[in-house]
Amino acid sequence: MKKTIIKSGTLITASDTFSADILIIDEKIAMIGKDLPEGDAEIINAQGKLVMPGGVDPHTHFDLPMFDTVTADDHYTGHKAAAFGGTTTALDFVPQESNSLRYSTDLWRQKANVKATIDFGFHMNISHYDDEVADEIPSLLEMGITSLKVFTAYNDRLRLQDGDIFKVLRIARANGFLTLLHAENGDVIEVLVNEALAAGNTTPIYHALTRPAWGAVDATLRAATLAAQAEAPIYIVHMNTAGEVDQLKYMREQGVPVMGETCTPYLFFTEDHLRRPDGAKWVCSPPMRTERDNRRLWEGLSGGIIQSLGTDHCSFFFNGSQPIEYEGKLVAIPGKELGADDFSKIPNGLPGVGDRLPIMWTYGVRAGRITPNQFVALTSTNPAKIFGLYPRKGTLTPGSDADIVIWDPDVKIKYGVSKAKHRTDYNLYENWELVGFPEKVFLRGHLIVDGEKWMGNAGMGKFLHRNPNAPLI
Ligand code: URP
Ligand code: ZN
Ligand code: ZN
């Protein structure tokens, strides 16, 4: 039996801030209190430090094939970067293969199991719907999967029509799943992309201009009304526009079971970033918007309209023909340069799984936009609750997994690609000044990050069987 005491830290949970010791026995938090008897425990002094539950990232894409390449981070490199940024659980999306949902899930499990360094779970994309799929969805519960993602964009690839989304919502309701929605208008996008390319408009800004914000507003409202009619909960992923926040607020006020997530980049960047010569670095779907949208998303987070903050981590190299060094080896993976002559061929997605907590601490908490308790709620506790992991994850409580971050609130850091541990050649927050950063990170009681030292290893992350019928918050 291994005992560790994290001593004299200031504990921050979603609801409280207090000073206490934490006794960890093996992989669990055993006791929390003042001046716990030390006995034969290893003592870790956290005086002057903050102690928080490990982050839960509800939205990542590791090892995802896209546009003739694959994401730069896999389940090892992505998890490692997450851990250095204080995140100890990540929920990834399983692409639906043509075979069966079980086949698709098994494939994703095989890729992840051997590489995982933090705990992980899966959402299932439902991008093709028929009677066979309908019959198979309930069996996902046995596989530990309790959430389904549907899309109103990516025509002929991932999109479902409203009738099928409604059917998925009804199956979800009957079996205790939560449905996640990618909200954009696929038909409008198809027309505008074709027009832009025909007119020779090929630069990255056209990625944003061909995906108007109204499409997200319309899709959010439409899906929420479908959820209301199916009496099923729905969770809007990667919200990027003010209008979505307004729709979310309205629908929640009507008692519709809808929740929302935004992702860190949408709080800070705008379409103007896509106008830069290196604008491809900001290409993701849905795209960056305006400063007004940034502000409204912050209001959504601080005002309790939006419940969850993820990353939609889906990293690519900016220049995948130029290798970088990763763990002593040179690596180059084709990336954003694939769309140098055509914005519609730029692989969609951004790095961010390791950035979320450090960026949100300095530019959210220290900037006075959210409280430390909201920080924990949005980045850990709420995602754990929404996705059926609470109280195993997302809190500091006896019986919970000892996923713990000891946070140095005073350390000053110039952030960027060399500090972030993603396996890619750029970082969106290059040269940003940070105050506060994770110092030690524990996964189920195992110290996996100690300052700059990586102590995790591939395969130690466990697949999380999640509980259905998670609460609406
Ligand atoms: O551009 C992005 N976000 N790629 C990932 C796929 C998605 O829709 O979340
Ligand atoms: Zn999406
Ligand atoms: Zn995504």
Side-chain angles (χ1 to χ4, degrees), residues 57-74 78 82 90-96 108 120-127 147-160 165 168 178-186 189 193 204 206-208 210-211 213 215-216 219-220 223 234-241 244 260-267 269 271 273-274 279-289 308-318 335-336 338-339 343-353 355-356 383 387 422 424 428:
D57 192 334
H59 194 148
T60 66
H61 302 276
F62 300 128
D63 214 347
L64 176 68
M66 192 197 289
F67 293 14
D68 294 330
T69 185
V70 62
T71 52
D73 282 303
D74 62 19
L91 301 180
D92 209 72
F93 290 79
V94 180
Q96 182 184 5
W108 224 245
F120 64 101
F122 291 159
H123 311 288
M124 181 78 221
N125 284 355
I126 304 294
S127 49
S147 41
L148 313 167
K149 183 178 179 190
V150 295
F151 301 78
T152 56
Y154 306 118
N155 283 7
D156 304 322
R157 208 155 59 85
L158 302 172
R159 180 183 176 176
L160 292 191
I165 292 178
V168 170
L178 175 63
T179 305
L180 281 50
L181 176 81
H182 175 119
E184 289 188 291
N185 189 314
I189 292 166
V193 169
Y206 285 94
H207 176 74
T210 55
R211 310 180 87 89
T220 296
I234 194 160
Y235 171 99
I236 315 298
V237 294
H238 47 49
M239 290 171 51
N240 66 333
T241 71
E244 282 177 297
E261 163 202 284
T262 188
C263 301
T264 332
Y266 298 124
L267 298 166
F269 303 111
E271 287 176 10
H273 290 88
L274 281 86
K281 287 179 181 170
W282 281 268
V283 168
C284 66
S285 296
M288 301 302 131
R289 291 298 176 208
S308 169
L309 182 86
T311 61
D312 199 0
H313 177 97
C314 187
S315 60
F316 294 95
F317 276 59
F318 175 59
K336 303 280 189 181
L338 295 173
F343 71 88
S344 71
K345 295 198 166 70
I346 302 171
N348 285 203
L350 312 178
V353 72
D355 305 330
R356 182 180 63 139
F387 291 108
H422 308 126
T424 182
L428 297 175

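Note that ligands are numbered from 1 as they come in the structure, with each ligand's atoms numbered from 1 the same way.
By the side chain to side chain contact (heavy atoms under 4.5 Å, CB included) test, Asn125 pairs with Phe93, Lys149, Phe151, sequence neighbours left out. The side chain to side chain contact (heavy atoms under 4.5 Å, CB included) check on Pro204 picks up Ala280, Val283, Ile346, with sequence neighbours excluded.
With a 4.0 Å heavy-atom cut-off, ligand 1 is reached by the side chain of Asp312 but not by its N, CA, C or O. Contact annotation: for His207 versus ligand 1, there are no heavy atoms closer than 4.0 Å. Under 4.0 Å from ligand 1, not a single heavy atom of Phe316 appears.
With His123 contributing its side chain and Pro58 its backbone, the two residues share a donor-acceptor pair below 3.5 Å. Remark: side-chain polar atoms of Ser285 are not paired, donor with acceptor, to backbone N or O of Gly349 under 3.5 angstrom.
At a threshold of 2.8 Å, the Zn ion (ligand 3) has a backbone or side-chain N, O or S atom of His59 nearer than that distance.
Each protein N, O or S atom less than 2.8 Å from the Zn ion (ligand 2) was counted, giving 3.
Using a 30° and 60° split on the angle between ring planes, Trp282 and Phe269 fall in the perpendicular class, above 60°.
Pairs of residues two or more places apart, or lying in two chains, that qualify as salt bridge (charged side-chain N to carboxylate O under 4.0 Å, His left out) and include a residue from residues 61-74 are Asp63-Lys111, Asp74-Lys115, Asp74-Arg423.
Between the side chains of Tyr235 and Ser147, no donor-acceptor pair is found at a separation under 3.5 Å.
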